[in-house]
Amino acid sequence: MALAADYNLGPNTFPRGWFIVAESKELDDGPLAVRFFGEDLALYRGESGKPVLLDAYCAHMGTHLTASESAMIVKNGEQIEGDSIRCPYHGWRYGPDGQVNDIPYFDGPCPKSAAIRSYPVVDNMGCIMAWYDPDGREPDYQPPMLSQWDDPQWVQWELDHLGELAIHPQEILDNMADARHLGPTHGAPCEYFANEFKDHVYIQRQGGPMQLYQTYLQTTTWYTGPGLLLSKQVFAGNEIYELIANTPIEDGLVKAWHAILYKGQSNPASAEDKAAAREAQAGALEAFGADFNVWQNKRPALRIMQLKTDGPFRLGRKWYSQFYAKPEDMSDIQAEVNGEHLTQGLKTPEEVNHNIDGDLRFTA
Ligand code: FES
Ligand SMILES: [Fe+2]
């Protein structure tokens, strides 16, 4: 297993950015114990509907806030009060800001030093997304949001939970520059291909004949930060958006999710549209599964033997390194890679009049 340092990422071990930490509906059944970024975390939804993510361990005696099923206040459904949560051991109550705001058997002021870390969290497109920054800074951009999510003609996704993958996310991000795997791996060799970097956004535009559906496939794919990929895909009169997300659990171990947002024939989307959406998601998962299968079995590519007719892997890795860099070094890295980068031997999007971007803005 290769680690961040093996790829010369750093100085941080985990990247800063917005990441999926759960599917929204998972919180309907109560608080969750999760682990990401090398930390045990407590995730719950407050009574107002607000999702809250805290470091897991109570300052009093180290109890995990959301791992107990047998404590009486958990069994009685009394753990959540407003947007606060009580520790199952002695009932200290934590607010969504991580501060202790009530101790049931103590009438003095709650100790400020009992505060635990709270992470910025949003409920966005059926996903709980958290901002992680090893340097503890507030978000410097918004997570991606598709306006189609709230359009009744579009069938909202339910996530495919792909589980844990023992690979460094660098290898997943390499896919963005990887023009030459599209034929052998996916049966959809690109005729044209280009990448573009815009600060924290990494874009890929490509298209070509697709074996599986006997059609011409065009895609505009973009990462918003290091963990959230969206891809607009147009083929045979269909339009879909694919989501692929990775969140580090430990250094060299990620959790991954996948989903498709599907435009129905009727407005609002009918039962048939919903069935077609499930089918489209299963088909897309099968295509993505070909990448997943390679990742599960490959050895780490600490160095890529990049040919001049390969895509711009090195630049892609440079872009990705901004999320592991000191905050003050990010803008230098962005300035170094920003702009459009072509791949020798392939047409440019302009040459084939790639015009599927429409109103994509790439930033929220
Ligand atoms: S350990 Fe949490 S209240 Fe005592
Ligand atoms: Fe791929």
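Remember, it's 1-based here, ligands and their atoms both numbered in the order they're listed.
Counting atoms of ligand 1 from 1 in the listed order, those under 4.0 Å from a heavy atom of W92 are 3 (S). Close contacts of ligand 1 with M61, meaning ligand atoms under 4.0 Å from a residue heavy atom, involve 1 (S). Those atoms of ligand 1 that come under 4.0 Å of a heavy atom in T63, given as number and element, are 1 (S).
Y105 and W92 share a donor-acceptor pair across their side chains, judged by distance under 3.5 Å alone.
The only member of E350, E191, E351, E196 that meets salt bridge (charged side-chain N to carboxylate O under 4.0 Å, His left out) when paired with R205 is E196. Exactly one of F37, Y141, F19, F323 qualifies for a ring-ring contact (aromatic ring centres under 6.0 Å, His included) with W131. That residue is Y141.
Atom 4 (Fe) of ligand 1 has no N, O or S atom of C87 inside 2.8 Å of it. Residue side and main chain included, D291 places an N/O/S atom under 2.8 Å of the Fe ion (ligand 2). Contact annotation: C58 places no N, O or S atom under 2.8 Å from atom 4 (Fe) of ligand 1.
Remark: D83 does not engage K50 in a salt bridge, criterion side-chain N to carboxylate O under 4.0 Å.
Under the 30°/60° scheme for interplanar angles, the aromatic rings of H181 and H186 are found to stand perpendicular.
Remark: the backbone N or O of E171 is not paired with any side-chain donor or acceptor of N175 at under 3.5 angstrom.
With atom 4 (Fe) of ligand 1 as the vertex, atom ND1 of H60 and atom ND1 of H90 span an angle of 90° (nearest 10 degrees). Angle NE2 (H186) to the Fe ion (ligand 2) to NE2 (H181): 90°, rounded to 10°.
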